[in-house]
Amino acid sequence: MTKMIKVLKGTKDILPQESLQWQRLEQNALNVFSRYGYKEIRTPIFEATELFARGVGDTTDIVNKEMYTFEKSDRSITLRPENTAGVVRSFIENNMSRLSAPVKLWYKGPMFRYERPQAGRQRQFHQVGVEMFGIKEPTADAEVILLAVDYLKSLGLNDLEVEINSLGCPKCREEYKQKIKEVLKPEFNNLCEDCQNRYEKNPLRLLDCKVESCKEIFEKPEIQKVIQSDFICEECAKHYHDLKLYLDKLQVPYVENKLLVRGLDYYNRTVFEIKSNNLGSQNAVCGGGRYDSLVRNLGGEDTPAVGWAMGMERLNSLLPEIEPDKLDAYIVCNSPADAFELAQELREKGSKVEFDLSNKKFTKQLEKASKVAKYALILGEDEIKTNKVAVKNLATSEQITVDRNDVLNNIG
RNA sequence: GCGUCUGUCGUCAAGUGGUUAAGACCUCGGAUUGUGGUUCCGAUAUGCAUGGGUUCGAAUCCCAUCAGACGCCCCA
(Lines give C-alpha, C1' and ligand atoms only; values in the text may rest on other atoms or scores of the structure.)
Protein backbone atom coordinates (compact mmCIF):
# COMPACT_ATOMS: atom_id res chain seq x y z
CA MET A 1 0.00 0.00 0.00
CA THR A 2 1.14 3.53 -0.66
CA LYS A 3 2.37 5.37 2.38
CA MET A 4 -0.32 7.25 4.23
CA ILE A 5 0.05 10.97 4.81
CA LYS A 6 -0.98 12.12 8.27
CA VAL A 7 -1.91 15.48 9.80
CA LEU A 8 1.09 17.42 11.05
CA LYS A 9 1.94 17.51 14.74
CA GLY A 10 -0.22 19.99 16.59
CA THR A 11 -2.89 20.20 13.89
CA LYS A 12 -6.30 18.57 13.83
CA ASP A 13 -9.22 17.85 11.57
CA ILE A 14 -12.48 19.24 12.83
CA LEU A 15 -14.82 16.40 12.00
CA PRO A 16 -18.54 16.79 11.24
CA GLN A 17 -19.67 15.82 14.75
CA GLU A 18 -17.40 18.42 16.34
CA SER A 19 -18.13 21.11 13.80
CA LEU A 20 -21.62 21.53 15.27
CA GLN A 21 -20.04 23.03 18.37
CA TRP A 22 -17.84 25.29 16.27
CA GLN A 23 -20.86 26.56 14.40
CA ARG A 24 -22.45 27.37 17.73
CA LEU A 25 -19.37 29.24 18.97
CA GLU A 26 -19.29 31.31 15.81
CA GLN A 27 -23.02 31.96 15.67
CA ASN A 28 -23.09 33.13 19.29
CA ALA A 29 -20.09 35.35 18.69
CA LEU A 30 -21.88 37.11 15.85
CA ASN A 31 -25.08 37.46 17.87
CA VAL A 32 -23.57 38.69 21.13
CA PHE A 33 -20.89 40.95 19.65
CA SER A 34 -23.43 42.58 17.34
CA ARG A 35 -25.48 43.59 20.36
CA TYR A 36 -22.50 45.66 21.54
CA GLY A 37 -21.97 47.22 18.12
CA TYR A 38 -19.00 45.16 17.00
CA LYS A 39 -18.40 44.51 13.30
CA GLU A 40 -16.53 41.52 11.98
CA ILE A 41 -13.14 42.04 10.35
CA ARG A 42 -11.22 39.40 8.40
CA THR A 43 -7.53 40.02 7.98
CA PRO A 44 -5.00 37.84 6.11
CA ILE A 45 -3.62 34.71 7.71
CA PHE A 46 -0.07 35.72 6.77
CA GLU A 47 1.52 39.13 7.20
CA ALA A 48 4.93 40.74 7.00
CA THR A 49 7.16 39.27 9.72
CA GLU A 50 8.02 42.76 10.86
CA LEU A 51 4.41 43.40 11.86
CA PHE A 52 4.66 40.78 14.59
CA ALA A 53 8.21 41.66 15.58
CA ARG A 54 7.11 45.23 16.21
CA GLY A 55 3.53 44.50 17.24
CA VAL A 56 3.78 41.54 19.56
CA GLY A 57 7.27 42.47 20.73
CA ASP A 58 10.61 41.01 19.77
CA THR A 59 11.48 39.94 23.29
CA THR A 60 8.45 37.66 23.52
CA ASP A 61 8.65 33.89 23.14
CA ILE A 62 5.93 34.09 20.52
CA VAL A 63 8.14 36.12 18.22
CA ASN A 64 11.46 34.57 19.21
CA LYS A 65 10.74 30.90 18.90
CA GLU A 66 7.16 30.22 18.00
CA MET A 67 6.52 31.83 14.63
CA TYR A 68 6.05 30.07 11.30
CA THR A 69 8.20 32.29 9.12
CA PHE A 70 9.23 31.79 5.50
CA GLU A 71 10.83 33.76 2.70
CA LYS A 72 9.12 34.43 -0.61
CA SER A 73 10.45 36.82 -3.25
CA ASP A 74 12.84 38.41 -0.77
CA ARG A 75 10.07 39.12 1.69
CA SER A 76 9.90 37.62 5.14
CA ILE A 77 6.39 36.38 5.75
CA THR A 78 4.84 34.94 8.91
CA LEU A 79 1.70 32.99 9.64
CA ARG A 80 -0.14 35.05 12.23
CA PRO A 81 0.48 33.86 15.81
CA GLU A 82 -2.31 36.14 17.06
CA ASN A 83 -4.58 38.68 15.45
CA THR A 84 -4.28 41.93 17.38
CA ALA A 85 -1.29 43.08 15.33
CA GLY A 86 -3.12 42.30 12.09
CA VAL A 87 -6.26 44.15 13.15
CA VAL A 88 -4.19 47.16 14.23
CA ARG A 89 -2.36 47.12 10.91
CA SER A 90 -5.68 47.15 9.10
CA PHE A 91 -7.04 49.87 11.38
CA ILE A 92 -4.10 52.10 10.43
CA GLU A 93 -3.98 51.18 6.76
CA ASN A 94 -7.68 51.82 6.25
CA ASN A 95 -7.65 55.12 8.15
CA MET A 96 -10.13 53.92 10.71
CA SER A 97 -8.95 56.60 13.10
CA ARG A 98 -11.06 58.92 10.94
CA LEU A 99 -14.16 56.99 11.96
CA SER A 100 -16.08 58.15 14.98
CA ALA A 101 -14.73 56.50 18.12
CA PRO A 102 -15.10 53.90 19.38
CA VAL A 103 -14.24 51.59 16.50
CA LYS A 104 -15.33 48.10 17.56
CA LEU A 105 -14.07 45.08 15.67
CA TRP A 106 -14.26 41.32 16.17
CA TYR A 107 -12.58 38.40 14.42
CA LYS A 108 -12.32 34.67 14.44
CA GLY A 109 -9.94 32.32 12.74
CA PRO A 110 -6.84 30.14 12.83
CA MET A 111 -3.57 31.21 14.47
CA PHE A 112 -0.21 29.45 14.29
CA ARG A 113 2.47 28.94 16.89
CA TYR A 114 5.34 26.48 16.76
CA GLU A 115 5.18 24.94 20.25
CA ARG A 116 5.03 21.48 21.78
CA PRO A 117 1.37 20.50 21.73
CA GLN A 118 -0.31 19.62 25.02
CA ALA A 119 -3.77 19.83 26.56
CA GLY A 120 -5.39 23.04 25.30
CA ARG A 121 -2.52 23.87 23.02
CA GLN A 122 -2.00 23.19 19.34
CA ARG A 123 0.19 24.57 16.60
CA GLN A 124 -2.80 25.59 14.55
CA PHE A 125 -5.51 26.80 16.88
CA HIS A 126 -8.42 29.19 16.65
CA GLN A 127 -9.18 32.40 18.41
CA VAL A 128 -12.22 34.60 18.57
CA GLY A 129 -11.50 38.10 19.77
CA VAL A 130 -12.53 41.72 19.96
CA GLU A 131 -10.65 45.02 19.74
CA MET A 132 -11.98 48.45 20.66
CA PHE A 133 -10.15 51.58 19.47
CA GLY A 134 -10.35 55.21 20.51
CA ILE A 135 -11.50 55.16 24.13
CA LYS A 136 -9.00 55.81 26.90
CA GLU A 137 -11.55 55.77 29.72
CA PRO A 138 -11.97 52.65 31.88
CA THR A 139 -15.53 52.35 30.58
CA ALA A 140 -13.99 50.67 27.54
CA ASP A 141 -12.09 48.16 29.68
CA ALA A 142 -15.27 47.41 31.60
CA GLU A 143 -17.41 46.99 28.50
CA VAL A 144 -14.94 44.68 26.88
CA ILE A 145 -14.76 42.47 29.99
CA LEU A 146 -18.52 42.51 30.30
CA LEU A 147 -18.77 41.43 26.67
CA ALA A 148 -16.46 38.48 27.30
CA VAL A 149 -18.52 37.38 30.29
CA ASP A 150 -21.73 37.84 28.32
CA TYR A 151 -20.44 35.75 25.44
CA LEU A 152 -19.38 32.96 27.79
CA LYS A 153 -22.80 33.09 29.43
CA SER A 154 -24.47 32.73 26.04
CA LEU A 155 -22.62 29.43 25.74
CA GLY A 156 -23.77 28.29 29.15
CA LEU A 157 -20.45 29.01 30.86
CA ASN A 158 -21.55 30.98 33.89
CA ASP A 159 -19.03 30.31 36.59
CA LEU A 160 -15.62 31.06 35.15
CA GLU A 161 -13.27 33.18 37.19
CA VAL A 162 -12.32 36.65 35.95
CA GLU A 163 -8.90 37.84 37.11
CA ILE A 164 -7.78 41.42 36.68
CA ASN A 165 -4.66 43.43 37.34
CA SER A 166 -3.11 46.73 36.37
CA LEU A 167 0.38 46.89 34.93
CA GLY A 168 0.50 50.67 35.15
CA CYS A 169 1.85 52.82 32.39
CA PRO A 170 5.31 52.34 30.85
CA LYS A 171 6.71 54.87 33.30
CA CYS A 172 5.50 53.50 36.62
CA ARG A 173 5.95 49.93 35.48
CA GLU A 174 9.59 50.58 34.66
CA GLU A 175 10.16 51.88 38.16
CA TYR A 176 8.53 48.78 39.60
CA LYS A 177 10.69 46.51 37.45
CA GLN A 178 13.79 48.26 38.70
CA LYS A 179 12.71 47.83 42.31
CA ILE A 180 12.10 44.12 41.82
CA LYS A 181 15.47 43.65 40.17
CA GLU A 182 17.16 45.56 42.92
CA VAL A 183 15.67 43.60 45.79
CA LEU A 184 16.34 40.29 44.04
CA LYS A 185 19.87 41.08 43.03
CA PRO A 186 21.52 39.47 46.09
CA GLU A 187 19.53 36.27 45.43
CA PHE A 188 20.22 36.14 41.70
CA ASN A 189 22.50 33.11 41.89
CA ASN A 190 19.96 31.19 43.96
CA LEU A 191 17.21 31.60 41.38
CA CYS A 192 16.34 28.80 38.97
CA GLU A 193 17.54 28.95 35.40
CA ASP A 194 14.19 30.16 34.08
CA CYS A 195 14.07 32.93 36.65
CA GLN A 196 17.57 34.05 35.83
CA ASN A 197 16.42 34.49 32.24
CA ARG A 198 13.29 36.27 33.32
CA TYR A 199 15.32 38.61 35.49
CA GLU A 200 16.41 40.53 32.41
CA LYS A 201 13.65 39.71 29.97
CA ASN A 202 10.57 40.25 32.07
CA PRO A 203 11.12 40.74 35.81
CA LEU A 204 7.36 40.87 36.42
CA ARG A 205 7.18 37.23 35.36
CA LEU A 206 9.58 36.19 38.09
CA LEU A 207 6.90 36.43 40.68
CA ASP A 208 4.78 33.40 39.90
CA CYS A 209 7.61 30.89 39.45
CA LYS A 210 6.56 27.38 40.49
CA VAL A 211 9.99 26.14 41.58
CA GLU A 212 10.03 25.61 45.36
CA SER A 213 13.40 27.22 45.97
CA CYS A 214 12.30 30.34 44.11
CA LYS A 215 9.01 30.46 45.98
CA GLU A 216 10.92 30.41 49.25
CA ILE A 217 13.04 33.33 48.16
CA PHE A 218 9.98 35.33 47.17
CA GLU A 219 8.44 34.64 50.60
CA LYS A 220 11.10 36.75 52.30
CA PRO A 221 9.51 39.80 53.95
CA GLU A 222 11.70 42.43 52.28
CA ILE A 223 10.86 40.93 48.88
CA GLN A 224 7.16 40.49 49.65
CA LYS A 225 7.10 44.14 50.60
CA VAL A 226 8.17 45.17 47.11
CA ILE A 227 5.91 42.69 45.38
CA GLN A 228 2.85 43.75 47.34
CA SER A 229 3.54 47.47 47.07
CA ASP A 230 1.10 49.60 45.09
CA PHE A 231 3.53 50.79 42.49
CA ILE A 232 1.21 52.26 39.91
CA CYS A 233 1.04 56.02 39.57
CA GLU A 234 -1.93 58.11 40.57
CA GLU A 235 -3.50 58.27 37.12
CA CYS A 236 -3.14 54.55 36.55
CA ALA A 237 -4.55 53.87 39.99
CA LYS A 238 -7.58 56.03 39.24
CA HIS A 239 -8.16 54.17 35.97
CA TYR A 240 -7.92 50.82 37.75
CA HIS A 241 -10.13 51.98 40.59
CA ASP A 242 -12.85 53.16 38.21
CA LEU A 243 -12.72 49.92 36.24
CA LYS A 244 -13.37 48.00 39.45
CA LEU A 245 -16.20 50.36 40.28
CA TYR A 246 -17.90 49.61 36.96
CA LEU A 247 -17.40 45.88 37.34
CA ASP A 248 -18.90 45.99 40.83
CA LYS A 249 -21.85 47.99 39.57
CA LEU A 250 -22.38 45.53 36.72
CA GLN A 251 -22.07 42.63 39.15
CA VAL A 252 -19.24 41.02 37.23
CA PRO A 253 -17.43 38.95 39.86
CA TYR A 254 -13.66 39.21 39.63
CA VAL A 255 -10.55 38.61 41.68
CA GLU A 256 -7.48 40.80 41.66
CA ASN A 257 -4.27 38.96 40.90
CA LYS A 258 -1.09 40.93 41.30
CA LEU A 259 0.87 38.19 39.60
CA LEU A 260 -1.19 38.39 36.43
CA VAL A 261 1.25 39.77 33.88
CA ARG A 262 0.56 38.38 30.39
CA GLY A 263 3.36 37.71 27.97
CA LEU A 264 2.74 40.14 25.18
CA ASP A 265 4.74 43.34 25.30
CA TYR A 266 2.04 45.70 24.19
CA TYR A 267 -0.17 45.72 27.27
CA ASN A 268 -0.42 48.63 29.69
CA ARG A 269 -2.76 49.36 32.58
CA THR A 270 -5.60 46.82 32.55
CA VAL A 271 -4.86 43.15 31.94
CA PHE A 272 -7.29 40.31 32.58
CA GLU A 273 -7.82 36.60 32.11
CA ILE A 274 -10.78 34.31 32.42
CA LYS A 275 -9.92 30.87 33.77
CA SER A 276 -11.49 27.47 34.18
CA ASN A 277 -10.53 24.59 36.44
CA ASN A 278 -11.48 22.04 33.79
CA LEU A 279 -8.79 22.74 31.25
CA GLY A 280 -5.63 21.13 32.61
CA SER A 281 -2.65 23.33 33.08
CA GLN A 282 -3.45 25.70 30.21
CA ASN A 283 -6.39 27.05 32.13
CA ALA A 284 -7.09 30.44 30.54
CA VAL A 285 -9.96 30.61 28.04
CA CYS A 286 -9.65 34.34 27.57
CA GLY A 287 -6.82 36.81 27.85
CA GLY A 288 -6.68 40.48 27.10
CA GLY A 289 -6.00 44.00 28.18
CA ARG A 290 -5.34 47.57 27.20
CA TYR A 291 -2.69 48.47 24.63
CA ASP A 292 -2.57 52.24 24.28
CA SER A 293 0.75 52.52 22.48
CA LEU A 294 0.44 49.77 19.89
CA VAL A 295 -1.28 51.80 17.19
CA ARG A 296 1.43 54.45 17.38
CA ASN A 297 4.19 51.84 17.48
CA LEU A 298 2.88 50.37 14.24
CA GLY A 299 2.87 53.74 12.52
CA GLY A 300 -0.61 55.09 13.23
CA GLU A 301 -1.86 58.04 15.18
CA ASP A 302 -1.82 57.77 18.95
CA THR A 303 -4.98 55.73 19.65
CA PRO A 304 -5.92 54.04 22.89
CA ALA A 305 -7.23 50.49 22.52
CA VAL A 306 -8.37 47.50 24.52
CA GLY A 307 -9.27 43.95 23.55
CA TRP A 308 -9.12 40.24 24.24
CA ALA A 309 -8.89 36.86 22.57
CA MET A 310 -10.39 33.51 23.47
CA GLY A 311 -9.02 30.10 22.52
CA MET A 312 -11.81 28.36 20.68
CA GLU A 313 -10.46 24.84 21.25
CA ARG A 314 -10.34 25.52 24.98
CA LEU A 315 -13.83 26.97 24.87
CA ASN A 316 -14.99 23.94 22.97
CA SER A 317 -13.60 21.51 25.49
CA LEU A 318 -15.76 23.15 28.16
CA LEU A 319 -18.97 22.73 26.21
CA PRO A 320 -21.19 19.65 26.26
CA GLU A 321 -21.34 17.64 23.04
CA ILE A 322 -24.16 18.53 20.71
CA GLU A 323 -26.33 15.72 19.36
CA PRO A 324 -26.44 15.80 15.58
CA ASP A 325 -29.78 16.67 14.02
CA LYS A 326 -31.70 13.92 12.29
CA LEU A 327 -32.96 14.26 8.77
CA ASP A 328 -36.62 15.23 8.48
CA ALA A 329 -37.17 12.32 6.16
CA TYR A 330 -35.49 9.42 4.40
CA ILE A 331 -37.12 8.20 1.22
CA VAL A 332 -37.47 4.44 0.86
CA CYS A 333 -37.87 3.70 -2.81
CA ASN A 334 -36.53 1.34 -5.43
CA SER A 335 -36.92 3.77 -8.28
CA PRO A 336 -34.10 6.33 -8.02
CA ALA A 337 -35.70 8.70 -10.51
CA ASP A 338 -38.90 8.95 -8.45
CA ALA A 339 -36.95 9.23 -5.21
CA PHE A 340 -34.90 12.07 -6.67
CA GLU A 341 -38.03 13.89 -7.70
CA LEU A 342 -39.69 13.66 -4.29
CA ALA A 343 -36.43 14.56 -2.50
CA GLN A 344 -35.98 17.70 -4.59
CA GLU A 345 -39.59 18.78 -4.02
CA LEU A 346 -39.07 18.62 -0.27
CA ARG A 347 -35.57 20.08 -0.28
CA GLU A 348 -36.81 23.10 -2.19
CA LYS A 349 -39.26 23.70 0.63
CA GLY A 350 -36.46 23.52 3.19
CA SER A 351 -36.73 19.97 4.48
CA LYS A 352 -33.66 17.85 5.13
CA VAL A 353 -34.12 14.76 3.00
CA GLU A 354 -32.00 11.90 1.76
CA PHE A 355 -32.59 8.63 -0.04
CA ASP A 356 -30.57 5.56 -0.94
CA LEU A 357 -28.28 6.23 -3.88
CA SER A 358 -27.11 2.66 -4.33
CA ASN A 359 -30.51 0.98 -4.68
CA LYS A 360 -30.26 -1.34 -1.70
CA LYS A 361 -32.99 -3.69 -0.62
CA PHE A 362 -36.16 -2.32 0.93
CA THR A 363 -35.38 -3.50 4.45
CA LYS A 364 -31.87 -2.05 4.31
CA GLN A 365 -33.28 1.29 3.24
CA LEU A 366 -35.77 1.28 6.06
CA GLU A 367 -33.08 0.32 8.53
CA LYS A 368 -30.99 3.23 7.35
CA ALA A 369 -34.02 5.52 7.62
CA SER A 370 -34.57 4.54 11.23
CA LYS A 371 -31.00 5.49 12.06
CA VAL A 372 -30.80 8.85 10.37
CA ALA A 373 -34.31 10.28 10.00
CA LYS A 374 -37.47 11.16 11.87
CA TYR A 375 -39.76 9.92 9.11
CA ALA A 376 -39.53 7.30 6.40
CA LEU A 377 -41.28 8.22 3.19
CA ILE A 378 -42.18 4.98 1.47
CA LEU A 379 -42.61 5.39 -2.24
CA GLY A 380 -43.34 2.03 -3.83
CA GLU A 381 -44.96 1.02 -7.10
CA ASP A 382 -48.47 1.41 -5.70
CA GLU A 383 -47.79 4.83 -4.26
CA ILE A 384 -46.17 6.07 -7.44
CA LYS A 385 -49.17 4.91 -9.49
CA THR A 386 -51.67 6.64 -7.22
CA ASN A 387 -49.54 9.72 -6.52
CA LYS A 388 -49.42 8.97 -2.78
CA VAL A 389 -46.68 8.56 -0.21
CA ALA A 390 -46.66 6.33 2.87
CA VAL A 391 -45.37 8.41 5.76
CA LYS A 392 -43.97 6.39 8.65
CA ASN A 393 -43.09 8.02 11.95
CA LEU A 394 -39.97 6.10 12.93
CA ALA A 395 -40.24 6.90 16.61
CA THR A 396 -43.83 5.70 17.06
CA SER A 397 -44.08 3.28 14.08
CA GLU A 398 -47.33 4.97 13.02
CA GLN A 399 -47.83 4.96 9.31
CA ILE A 400 -50.30 6.81 7.16
CA THR A 401 -50.72 7.17 3.43
CA VAL A 402 -51.19 10.71 2.20
CA ASP A 403 -51.40 12.63 -1.05
CA ARG A 404 -48.03 13.55 -2.39
CA ASN A 405 -48.77 17.25 -1.98
CA ASP A 406 -49.55 16.67 1.67
CA VAL A 407 -46.24 15.08 2.64
CA LEU A 408 -44.73 18.26 4.01
CA ASN A 409 -47.64 18.74 6.43
CA ASN A 410 -47.11 15.26 7.82
CA ILE A 411 -43.41 15.36 8.57
CA GLY A 412 -43.76 18.44 10.77
C1' G B 1 14.16 23.16 23.57
C1' C B 2 13.58 19.85 28.20
C1' G B 3 10.92 15.98 31.20
C1' U B 4 7.27 11.78 32.21
C1' C B 5 4.10 8.15 30.23
C1' U B 6 1.93 5.42 26.04
C1' G B 7 1.67 2.90 20.80
C1' U B 8 -2.43 -4.46 19.37
C1' C B 9 -8.47 -3.81 13.51
C1' G B 10 -12.28 2.29 11.97
C1' U B 11 -13.18 2.63 17.83
C1' C B 12 -12.63 0.44 22.86
C1' A B 13 -9.62 -3.27 24.27
C1' A B 14 -7.56 -8.95 26.14
C1' G B 15 -2.81 -10.67 25.82
C1' U B 16 3.04 -10.38 30.81
C1' G B 17 8.47 -15.37 25.87
C1' G B 18 5.51 -21.05 23.49
C1' U B 19 0.21 -23.60 18.54
C1' U B 20 -3.97 -20.47 14.17
C1' A B 21 -3.51 -12.72 18.15
C1' A B 22 -9.74 -13.12 22.67
C1' G B 23 -13.96 -10.12 23.07
C1' A B 24 -17.18 -5.75 22.36
C1' C B 25 -18.86 -1.68 19.35
C1' C B 26 -19.05 0.39 14.41
C1' U B 27 -19.35 -1.02 9.20
C1' C B 28 -20.94 -4.57 5.49
C1' G B 29 -23.77 -9.03 4.03
C1' G B 30 -27.56 -12.85 5.19
C1' A B 31 -32.07 -14.85 7.92
C1' U B 32 -36.06 -11.08 5.65
C1' U B 33 -37.75 -9.48 -2.82
C1' G B 34 -42.95 -3.81 0.92
C1' U B 35 -41.84 -2.51 6.90
C1' G B 36 -36.73 -0.57 10.60
C1' G B 37 -35.19 -0.18 15.91
C1' U B 38 -34.97 -6.33 19.18
C1' U B 39 -32.93 -11.15 17.83
C1' C B 40 -29.87 -14.83 15.25
C1' C B 41 -25.88 -16.09 11.64
C1' G B 42 -21.68 -14.57 8.83
C1' A B 43 -17.52 -11.18 6.91
C1' U B 44 -13.48 -7.99 8.28
C1' A B 45 -5.41 -7.78 11.71
C1' U B 46 -0.43 -13.65 7.83
C1' G B 47 -0.87 -8.65 11.72
C1' C B 48 0.74 -5.97 17.21
C1' A B 49 3.81 2.25 15.14
C1' U B 50 8.60 1.50 12.04
C1' G B 51 13.63 -0.54 11.70
C1' G B 52 17.22 -3.38 13.97
C1' G B 53 18.85 -6.84 17.93
C1' U B 54 18.47 -11.00 21.89
C1' U B 55 16.19 -16.07 21.56
C1' C B 56 15.04 -22.67 19.16
C1' G B 57 10.78 -19.28 19.46
C1' A B 58 8.95 -12.07 20.34
C1' A B 59 2.83 -8.24 20.39
C1' U B 60 5.56 -9.58 24.98
C1' C B 61 12.75 -8.48 26.46
C1' C B 62 16.72 -4.66 24.57
C1' C B 63 18.19 -0.40 21.30
C1' A B 64 17.04 3.33 17.82
C1' U B 65 13.51 6.09 15.12
C1' C B 66 8.57 7.93 14.48
C1' A B 67 3.85 9.20 16.43
C1' G B 68 0.49 10.43 20.48
C1' A B 69 -0.90 12.06 25.56
C1' C B 70 0.50 14.99 29.70
C1' G B 71 3.79 18.48 32.14
C1' C B 72 7.89 22.63 32.13
C1' C B 73 8.87 27.26 29.49
C1' C B 74 5.28 30.33 27.23
C1' C B 75 0.44 31.30 25.78
C1' A B 76 -5.74 31.33 23.99
Side-chain angles (χ1 to χ4, degrees), chain A residues 3-4 6-12 15 25 56-57 59-67 80-84 108-129 148 192-198 201-202 205 208-211 260-264 272-276 279-289 307-318 330 332-335 358-384 390-399 401:
Chain A
K3 196 183 166 208
M4 185 173 62
K6 298 199 269 190
V7 277
L8 260 17
K9 188 196 282 276
T11 68
K12 262 194 184 133
L15 299 172
L25 286 183
V56 179
T59 63
T60 59
D61 277 8
I62 291 181
V63 169
N64 277 317
K65 46 183 212 192
E66 296 175 6
M67 295 209 300
R80 63 184 186 195
E82 56 99 58
N83 207 26
T84 297
K108 62 169 198 286
M111 310 293 160
F112 306 85
R113 291 182 200 171
Y114 186 78
E115 299 177 272
R116 281 291 285 270
Q118 65 184 70
R121 168 184 297 163
Q122 286 176 248
R123 290 182 172 180
Q124 175 175 342
F125 63 104
H126 297 76
Q127 286 186 331
V128 57
C192 70
E193 202 181 319
D194 284 332
C195 279
Q196 294 193 355
N197 283 329
R198 282 185 280 232
K201 250 172 65 183
N202 193 348
R205 279 226 157 264
D208 62 349
C209 184
K210 281 139 203 128
V211 176
L260 178 59
V261 171
R262 308 205 45 72
L264 288 76
F272 58 92
E273 282 185 4
I274 301 178
K275 293 181 178 172
S276 164
L279 282 173
S281 77
Q282 310 305 319
N283 62 355
V285 259
C286 175
W308 50 253
M310 293 196 194
M312 295 177 78
E313 282 81 0
R314 292 182 190 181
L315 224 39
N316 235 326
S317 69
L318 295 175
Y330 192 89
V332 175
C333 178
N334 284 313
S335 161
S358 55
N359 208 19
K360 290 199 179 65
K361 285 186 191 171
F362 183 90
T363 48
K364 288 295 170 192
Q365 291 192 28
L366 198 59
E367 188 184 340
K368 171 84 172 180
S370 71
K371 282 177 188 159
V372 301
K374 296 173 200 155
Y375 290 87
L377 303 181
I378 299 163
L379 191 59
E381 281 176 36
D382 297 348
E383 284 85 356
I384 292 169
V391 178
K392 177 164 189 158
N393 182 325
L394 291 162
T396 63
S397 295
E398 286 169 60
Q399 182 171 328
T401 300

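Residue numbering restarts at 1 for every chain, and letters A, B, ... go by the order of the sequence lines.
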For [X], all residues meeting salt bridge (charged side-chain N to carboxylate O under 4.0 Å, His left out), sequence neighbours excluded:
| X | value |
| --- | --- |
| A:Glu381 | none |
| A:Lys12 | none |
| A:Arg205 | none |

Under 3.5 Å on both distances, the Watson-Crick or G-U partner of [N]:
| N | value |
| --- | --- |
| B:U20 | none |
| B:U35 | none |
| B:G42 | B:C28 |
| B:A69 | B:U4 |
| B:G51 | B:C63 |

Gap between atoms [atom1] and [atom2], on [X] and [N] respectively (whole Å):
| X | N | atom1 | atom2 | answer |
| --- | --- | --- | --- | --- |
| A:Leu394 | B:U35 | CG | C1' | 10 Å |
| A:Tyr330 | B:U35 | OH | C1' | 15 Å |
| A:Lys392 | B:U35 | NZ | P | 9 Å |
| A:Glu381 | B:G34 | CD | P | 9 Å |
| A:Ile384 | B:G34 | CD1 | C1' | 12 Å |
| A:Lys6 | B:A49 | NZ | P | 12 Å |
| A:Leu366 | B:U32 | CG | C1' | 12 Å |
| A:Asn334 | B:U33 | CG | P | 12 Å |

Judged by nearest nucleotide, the residue sitting upstream toward the 5' end of RNA chain B, A:Met310 or A:Leu8, is A:Leu8
Mind checking [X] for me? I need base, sugar-phosphate or nothing, with any heavy atom below 4.0 Å counting as a touch.
| X | value |
| --- | --- |
| A:Leu315 | nothing |
| A:Ala369 | nothing |
| A:Gln399 | base |
| A:Gln365 | nothing |
| A:Gly380 | base |
| A:Ala376 | nothing |

Mind checking the [atom1] distance from [N] to [M]? Whole angstroms is fine.
| N | M | atom1 | answer |
| --- | --- | --- | --- |
| B:A45 | B:C40 | P | 23 Å |
| B:U65 | B:G29 | C1' | 42 Å |
| B:U38 | B:C28 | P | 14 Å |
| B:G51 | B:A67 | P | 16 Å |
| B:A58 | B:U8 | C1' | 14 Å |
| B:G15 | B:A22 | P | 14 Å |
| B:G18 | B:G71 | C1' | 40 Å |
| B:G17 | B:C62 | P | 12 Å |

What's touching nucleotides 26-30 of chain B from the protein side, N or O pairs under 3.5 Å?
| unit_1 | atom_1 | unit_2 | atom_2 | d |
| --- | --- | --- | --- | --- |
| B:G30 | OP1 | A:Lys361 | NZ | 2.8 |

For B:G47, is chi within 90° of 0 (syn) or not (anti)?
syn
Residues, nucleotides or ligands: over 12 heavy atoms within 6.0 Å of A:Lys368 NZ:
no
Test side chain to side chain contact (heavy atoms under 4.5 Å, CB included) applied to [X] - qualifying residues, sequence neighbours left out:
| X | result |
| --- | --- |
| A:Glu313 | A:Trp22, A:Gln122, A:Phe125, A:His126 |
| A:Asn64 | none |
| A:Lys9 | A:Pro117, A:Arg123 |
| A:Leu260 | A:Glu163, A:Asn165, A:Asn257, A:Arg262, A:Val271, A:Glu273 |

So does A:Ser397 reach the base of B:G37 with its side chain, donor to acceptor, closer than 3.5 Å?
yes
Donor/acceptor link under 3.5 angstrom from A:Glu383 side chain onto base of B:G34
yes
Working to the nearest 0.5 angstrom, can you tell me the gap between A:Met67 CE and A:Asp61 CG?
12.0 Å
What's the spacing between A:Arg80 CZ and A:Phe112 CZ if we round to 0.5 Å?
7.0 Å
Any donor and acceptor pair, going by atom type alone, linking the side chain of A:Arg113 with main-chain N or O of A:Pro81 inside 3.5 Å?
yes
Under 3.5 Å, side chain of A:Gln365 to main-chain N/O of A:Cys333, donor-acceptor pair present?
yes
Atom pairs under 3.5 Å: protein N/O with N/O of nucleotides 69-72 of chain B:
| unit_1 | atom_1 | unit_2 | atom_2 | d |
| --- | --- | --- | --- | --- |
| B:C70 | OP2 | A:Ala119 | N | 3.1 |
| B:G71 | OP1 | A:Ser281 | N | 2.9 |
| B:G71 | OP2 | A:Ala119 | N | 3.4 |
| B:G71 | N7 | A:Gln118 | OE1 | 3.4 |
| B:C72 | OP2 | A:Ser281 | OG | 2.8 |

